[in-house]
Amino acid sequence: MLRELVAADTALRRLEVERAAAFMPDPELDGQTTLQSQNAFRGAHVVQLLQQLWVASGRPSSSFSATGEGWAALGFQGLNPLTDLRGSGLLGLKQFAHFARACPQAFLDMLRYNEKELAAGGTAWYLPAVVSTQFTALLQLRDAYPLHRRHLEVIYDSVPAAPAAPAAATAVLTRCTPRRELLAAAGVGAEGGGKPPPDAAERLAAVWRDGAASDAEAGMYVLHHALLLHFKACWERDRPHVMEYNTYMEKTVYPTFFCEGWTMPEATQQMLAKKK
């Protein structure tokens, strides 16, 4: 258990490095200066993530352009999508790109909803990219809304159904199962009451000894995706005015997600459980 806590701390520190990695021009690469980021994060990795987003939006890879008006349809505010990543850094881009691949239908639904709303001259539109990257910073910094037991369980005690290579730009995280479900399946869950079986201690030890290690990085991705899906459901249900965005988030979205009674909706679990 201690080993897993240390591994979780290391993973979360690595994510914070990615979040804090600011993008900056590279004068050595003429014509590609806006695609470079400082420290260990170089342009090829960034371009690959942008290409993933471009293709996930339903466009052919042959039409890809790292800058241009096409990025507005994904919810970026300018011609250069990297300018919206000042608060979330490389991690913001990675999580948004991963969401587009892990939840492709929800991602496309978000784009189509906003396209339709804007075409009709409506006011209930939003910027998916901006919302996603805002959530990346919010969850990583954790200084505005407290996380409760179920949130922490997702981060610190989720066991991936299959291992992934989180450092790779193409990494796809599979469903993470709370260890309490594994304990319950072994007949030693803390919830449900009843007299524990005679071999409860042996079963408990087996879950920790033989089970896969938890993955805090995968857990953070899952929590980010769950928050983005929660926002999507709330916004498209209530259809507030875009100018009420901040007020709506504070009064409706955040209080119903960052609360003691929050649990991962079954529909969200099923969506994240699908293999990509």
Side-chain angles (χ1 to χ4, degrees), residues 19 53 56-58 69-89 91-148 150-151 154 220-272:
R19 186 205 65 78
L53 271 173
S57 69
E69 296 181 356
W71 291 102
L74 278 73
F76 290 97
Q77 299 180 89
L79 299 179
N80 183 351
L82 301 187
T83 58
D84 284 330
L85 302 174
R86 294 187 181 93
S88 61
L91 181 60
L93 179 58
K94 289 178 67 176
Q95 289 190 333
F96 189 41
H98 186 273
F99 175 82
R101 298 183 64 200
C103 307
Q105 191 58 55
F107 176 69
L108 288 175
D109 287 346
M110 295 171 82
L111 302 187
R112 291 166 182 161
Y113 167 86
N114 285 285
E115 180 182 8
K116 182 178 179 180
E117 185 69 15
L118 288 168
T123 59
W125 52 273
Y126 59 90
L127 301 172
V130 173
V131 176
S132 176
T133 55
Q134 180 184 30
F135 288 168
T136 294
L138 182 71
L139 289 170
Q140 191 64 30
L141 295 174
R142 298 191 292 279
D143 57 357
Y145 295 90
L147 298 180
H148 297 279
R150 295 294 192 187
H151 305 108
V154 171
M220 284 297 293
Y221 274 68
V222 170
L223 197 61
H224 167 273
H225 297 356
L227 177 54
L228 192 52
L229 290 169
H230 176 70
F231 162 82
K232 176 183 181 296
C234 291
W235 187 278
E236 296 178 11
R237 176 197 65 207
D238 299 333
R239 297 177 55 82
H241 194 289
V242 64
M243 297 303 292
E244 299 173 352
Y245 174 80
N246 290 330
T247 301
Y248 182 78
M249 298 296 279
E250 294 173 0
K251 290 187 176 181
T252 302
V253 177
Y254 295 148
T256 53
F257 187 86
F258 296 103
C259 61
E260 185 67 39
W262 176 83
T263 58
M264 183 83 72
E266 183 62 28
T268 300
Q269 291 186 35
Q270 293 176 358
M271 191 177 302
L272 294 174

Task: Output field: ring centroids His151/Trp262 closer than 6.0 Å - done: yes

Could you measure the distance from the [atom1] atom of [X] to the [atom2] atom of [Y]? Nearest 0.5 Å is fine.
X      : Y      : atom1 : atom2 : value
Thr263 : Arg150 : OG1   : CZ    : 7.0 Å
Ser88  : Lys94  : OG    : NZ    : 12.5 Å
Leu228 : Leu223 : CG    : CG    : 11.5 Å
Arg101 : Leu53  : CZ    : CG    : 10.5 Å

Kindly write out the residues that satisfy side-chain hydrogen bond (donor to acceptor under 3.5 Å, both in side chains) with [X], not counting sequence neighbours, or none if the list is empty.
X      : value
Glu117 : Arg239
Asn114 : none
His241 : none
Glu69  : none

TODO: Evaluate the ring planes of Tyr221 and His225, with Trp represented by its six-membered ring, and classify them as parallel (under 30°), tilted (30 to 60°) or perpendicular (over 60°).
DONE: perpendicular

- [ ] Give the C-alpha distance, both sets of side-chain angles, the deciding distance and a yes or no for side-chain contact (heavy atoms from CB on, under 4.5 Å) between Trp71 and Leu79.
- [x] CA-CA 7 Å; Trp71 291 102; Leu79 299 179; over 6 Å; no

Would you be so kind as to tabulate the donor-acceptor pairs closer than 3.5 Å made by side chains of residues 104-112, with sequence neighbours excluded?
unit_1: Gln105; atom_1: NE2; unit_2: Asp109; atom_2: OD1; d: 2.9

Open item on the list: I'd like to know if the side chain of Arg19 reaches the main chain of Gly87, judged simply by a donor and an acceptor atom lying under 3.5 Å from each other, with no hydrogens or angles considered.
Closed with: yes

Task: Within-4.5 Å side-chain heavy-atom neighbours: Phe99 and Leu229 - done: yes

With a cut-off of 3.5 Å and sequence neighbours excluded, list every side-chain donor-acceptor pair involving residues 248-257.
unit_1: Tyr248; atom_1: OH; unit_2: Cys234; atom_2: O; d: 2.8
unit_1: Tyr248; atom_1: OH; unit_2: Asp238; atom_2: OD2; d: 2.6
unit_1: Thr256; atom_1: OG1; unit_2: His230; atom_2: NE2; d: 2.8
unit_1: Thr256; atom_1: OG1; unit_2: Thr252; atom_2: O; d: 2.6
unit_1: Thr256; atom_1: OG1; unit_2: Val253; atom_2: O; d: 3.0

Which heavy-atom pair separates [X] from [Y] by the least distance, and what is that distance?
X      : Y      : value
Ala144 : Leu138 : CB-CD1, 3.9 Å
Ser57  : Leu74  : CB-CD1, 4.0 Å
Pro81  : Leu85  : O-CG, 3.9 Å
Met264 : Thr268 : SD-CG2, 3.6 Å

Open item on the list: What verdict does the side-chain contact (heavy atoms from CB on, under 4.5 Å) test give for Leu139 and Phe258, after you've listed the backbone C-alpha separation in whole Å, the side-chain angles of each residue and the deciding distance to 0.1 Å?
Closed with: CA-CA 10 Å; Leu139 289 170; Phe258 296 103; 3.9 Å; yes

With a 3.5 Å cut-off and sequence neighbours excluded, list the donor-acceptor pairs that the side chains of residues 124-135 form with protein atoms.
unit_1: Tyr126; atom_1: OH; unit_2: Glu236; atom_2: OE2; d: 2.9
unit_1: Ser132; atom_1: OG; unit_2: His224; atom_2: NE2; d: 3.1
unit_1: Thr133; atom_1: OG1; unit_2: Ala129; atom_2: O; d: 3.0
unit_1: Thr133; atom_1: OG1; unit_2: Val130; atom_2: O; d: 3.1
unit_1: Gln134; atom_1: OE1; unit_2: Tyr245; atom_2: OH; d: 2.4

- [ ] Verify side-chain contact (heavy atoms from CB on, under 4.5 Å) between Thr123 and Met243, making sure each step is shown before the conclusion.
- [x] CA-CA 8 Å; Thr123 59; Met243 297 303 292; over 6 Å; no

